[in-house]
Novice: 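Below you will find the structure I want to go over with you.
Numbering of ligands and ligand atoms starts at 1, following listing order. This chain uses plain numbering: 1 for the first residue, then up along the sequence.
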Amino acid sequence: MKILGIESSCDETAASVVEDGRKLLSNVVNSQIDIHAHYGGVIPEIAARSHIEVINPVINKALSDADLTWDDIDGIAVTYAPGLVGSLLVGTLAARTLAITKNKPLYPVHHVEGHVYANFITEQAEYLNLTLPSKQPEFPMLALIVSGGHSQLVLFKGHGDYDLLGQTQDDAVGEAYDKVAKILGYPYPGGPAVDKAALDGDPYKYPLPKAKLQNPYDFSFSGVKTAVLRAVQREIGEDYTFPSHKLPARLDETQRVDFAASFQRVSNETLVDAAERAFKAYAPKSVVIAGGVAASRALRKMLSERLPLTIEYAPMSLCTDNAAMIATLGYYYAQVKEPADPYALEVIPSISMTKTAWNKSEE
Ligand code: KG4
Ligand code: ZN
């Protein structure tokens with residue numbers, strides 16, 4: 001079964017074809033990073049307009065890269081939630097129209113669940129050349145989800161059957177990366193820049209606090225972000241009223257990389273401490289990480305060192321936003337769910353993973 005996936009929830013327009021929920025046949029991602037970098041963040045209206053410009057060519061390329069025609073496609077999976085409303089509308093309208101005109105079943109999937117399913121891609125067309133995991137994760141599977149909008153620990157008992165163990169009580173970890181990057185003067189998108197800078201820094205140079213929460217699987221990242229701001233202000237001899245946009249110019253390179261490394265150590269320890277607690281309590285057969293921050297080598301290294309099992313990570317390009325993960329999830333969804341009505345599918349900009357139609361345990 002070949003599923004065409006379509007993803008447009010934020011600032012990447014993507015389409016991909018995946019066979020049987022495991023074999024990647026094409027993976028097209030058109031990133032808007034260059035457009036938004038100019039403004040230091042994603043501008044929703046510009047994102048939506050840019051999706052409109054490229055969505056058709058991106059979908060056509062996903063088919064031609066896979067050497068397929070519409071006759072070969074068995075279904076269309078599309079991100080309907082969560083994300084920026086204008087961005088979601090472009091992808092879902094394209095998917096709905098194609099489902100009607102090409103007469104294909106339509107499968108709406110949740111973006112964050114999609115991130116988890118990037119870990120199920122274990123085969124690929126020859127030309128793609130990605131380093132993929134050697135086998136699919138086994139259940140029960142512990143998923144550490146770390147993206148720009150979400151930070152969650154989820155225990156999957158089977159496909160579409162999962163429990164939320166814990167989640168961030170304030171900022172997502174990717175959001176904290178992006179804010180710390182701004183304080184330190186690294187360009188958008190901040191996560192990759194801080195991740196790279198941290199390689200050259202001293203992770204113990206600046207002591208930063210770790211939040212203590214009642215639920216051992218919850219996280220909090222707003223405290224450490226503010227702690228970085230205050231520590232930077234202190235470091236340059238200013239008080240808390242000093243404007244953050246003037247900070248980067250006052251820091252030298254050593255201070256910047258040391259702050260990046262110290263922030264990254266504390267945020268990684270926060271995530272890995274909780275994952276380790278969940279691992280001990282639930283004894284999962286596999287552990288996966290998902291979402292943009294899962295592209296961080298430092299996080300992968302710490303998790304592998306702390307957990308007593310071999311973790312096979314998805315390639316970086318399948319951790320950040322893409323449609324391969326959406327097509328993959330679409331396949332498993334199609335095994336147990338009826339397709340959506342293409343005339344009626346609506347987007348939901350904000351909905352948590354536990355409330356989606358796919359999570360059987362909530363029915
Ligand atoms: O999953 P994603 O691509 O989009 C959302 O669904 O949010 O995640 C984007 C987030 C951003 O905050 C970005 O700064 C962060 O992932 N990110 C990273 C890295 N690559 C992307 N954070 C740390 N290290 C990286 N290498
Ligand atoms: Zn994402």
Novice: Tell me the closest heavy-atom pair linking Val58 and Thr13, and the distance in Å.
Specialist: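 Here Val58 and Thr13 meet closest at CG1-O, 3.9 Å.
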Novice: Using a strict cut-off of 4.0 Å, indicate which atoms of ligand 1 neighbour a heavy atom of Thr320.
Specialist: 3 (O)
Novice: Any nitrogen or oxygen of Asp321, main chain or side chain, under 3.5 Å from a nitrogen or oxygen of ligand 1?
Specialist: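 N/O-N/O distance under 3.5 Å: yes.
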Novice: Does Arg297 reach ligand 1, in the sense of a heavy atom lying below 4.0 Å from it?
Specialist: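 Outside the 4.0 Å threshold, so no.
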Novice: Go through the steps for Cys10 and Val42 under the test side-chain contact (heavy atoms from CB on, under 4.5 Å), then give the verdict.
Specialist: CA-CA 8 Å; Cys10 188; Val42 177; 4.3 Å; yes
Novice: Which residue and non-hydrogen atom of the protein lie closest to atom 21 (C) of ligand 1, and at what distance in Å?
Specialist: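 Ranking protein heavy atoms by distance from atom 21 (C) of ligand 1, first comes Gly292 O, 3.4 Å.
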Novice: Can you check whether Cys319 has an N/O within less than 3.5 Å of an N/O in ligand 1?
Specialist: no
Novice: Flag the pair Val232 / Leu251 as yes when at least one side-chain heavy-atom distance between them is below 4.5 Å, and no otherwise.
Specialist: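 Sidechains of Leu251 and Val232: in contact.
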Novice: For residues 209-232, which residue pairs qualify under salt bridge (Lys or Arg N to Asp or Glu O under 4.0 Å), counting only residues two or more places apart or in two chains?
Specialist: Asp171-Lys225, Lys210-Glu269, Lys210-Asp273
Novice: Close to the Zn ion (ligand 2), meaning under 2.8 Å, how many protein N, O or S atoms are there?
Specialist: 3
Novice: I'd like to know if Lys179 and Glu175 make a salt bridge, using a cut-off of under 4.0 Å between side-chain N and carboxylate O.
Specialist: yes
Novice: Hey, could you give me each pair passing side chain to side chain donor-acceptor pair (under 3.5 Å) that has a residue in residues 90-103? Not counting sequence neighbours.
Specialist: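 Side chain to side chain donor-acceptor pair (under 3.5 Å) check on residues 90-103 returns no pairs.
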Novice: Specify side chain, backbone, both or neither for His111, according to which of its non-hydrogen atoms lie closer than 4.0 Å to ligand 1.
Specialist: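 The side chain, only.
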Novice: What protein heavy atom lies closest to atom 15 (C) of ligand 1? Include the residue and the distance to one decimal.
Specialist: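 Nearest protein contact, heavy atoms only, for atom 15 (C) of ligand 1 is Val293 CG2, 3.9 Å.
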Novice: CZ of Phe219 to CG of Leu271: how many Å apart, nearest 0.5 Å?
Specialist: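 Between atom CZ of Phe219 and atom CG of Leu271 there are 5.0 Å.
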Novice: For a 4.5 angstrom cut-off between non-hydrogen side-chain atoms, does Ser16 reach Leu24?
Specialist: yes
Novice: Step by step, work out the side-chain contact (heavy atoms from CB on, under 4.5 Å) result for His51 and Arg49.
Specialist: CA-CA 5 Å; His51 285 306; Arg49 238 179 293 149; over 6 Å; no
Novice: Centres of the His159 and Phe139 rings: under 6.0 Å?
Specialist: yes
Novice: Under 4.0 Å from any heavy atom of Gly174, which atoms of ligand 1 are there?
Specialist: 12 (O)
Novice: Got Phe221 and Phe263 here, is their nearest side-chain heavy-atom distance under 4.5 Å?
Specialist: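 Result no, sub-4.5 Å side-chain heavy-atom pair not found.
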Novice: Measuring from the heavy atoms of Pro192, does anything fall under 4.0 Å of ligand 1?
Specialist: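 Yes; Pro192 lies near enough to ligand 1 that a heavy-atom distance drops under 4.0 Å.
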Novice: Note the single closest protein heavy atom to atom 22 (N) of ligand 1, along with its residue, its atom name and the distance in Å.
Specialist: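 That would be Gly191 CA, 3.5 Å.
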Novice: side-chain contact (heavy atoms from CB on, under 4.5 Å) for Leu130 and Ser317? Distances and angles first, verdict last.
Specialist: CA-CA 9 Å; Leu130 297 172; Ser317 58; 3.6 Å; yes
Novice: Name all pairs fulfilling the side chain to side chain donor-acceptor pair (under 3.5 Å) condition that reach into residues 325-336, sequence neighbours left out, sorted by first residue then second.
Specialist: Gln136-Tyr332
Novice: Are Ser9 and Glu7 close enough that a side-chain donor and a side-chain acceptor fall under 3.5 Å?
Specialist: yes
Novice: Note the single closest protein heavy atom to atom 7 (O) of ligand 1, along with its residue, its atom name and the distance in Å.
Specialist: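 Looking only at protein heavy atoms, the one closest to atom 7 (O) of ligand 1 is Gly148 N, 2.8 Å.
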Novice: For atom 11 (C) of ligand 1, what is the closest protein heavy atom, and at what distance to 0.1 Å?
Specialist: Asp178 OD2, 3.6 Å
Novice: Just which atoms of ligand 1 are under 4.0 Å from any heavy atom in Gly149?
Specialist: 7 (O)
Novice: Checking contacts here: is it the side chain or the backbone of His115 that comes within 4.0 Å of ligand 1, counting heavy atoms only? Could be both or neither.
Specialist: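 Only the side chain of His115 comes within reach of ligand 1.
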Novice: Test of understanding: given a 4.0 Å heavy-atom threshold, classify the contact between Asp195 and ligand 1 as side chain, backbone, both, or neither.
Specialist: side chain
Novice: When you compare ligand 1 with Gly291, is there at least one nitrogen or oxygen pair between them that comes in under 3.5 angstrom?
Specialist: no
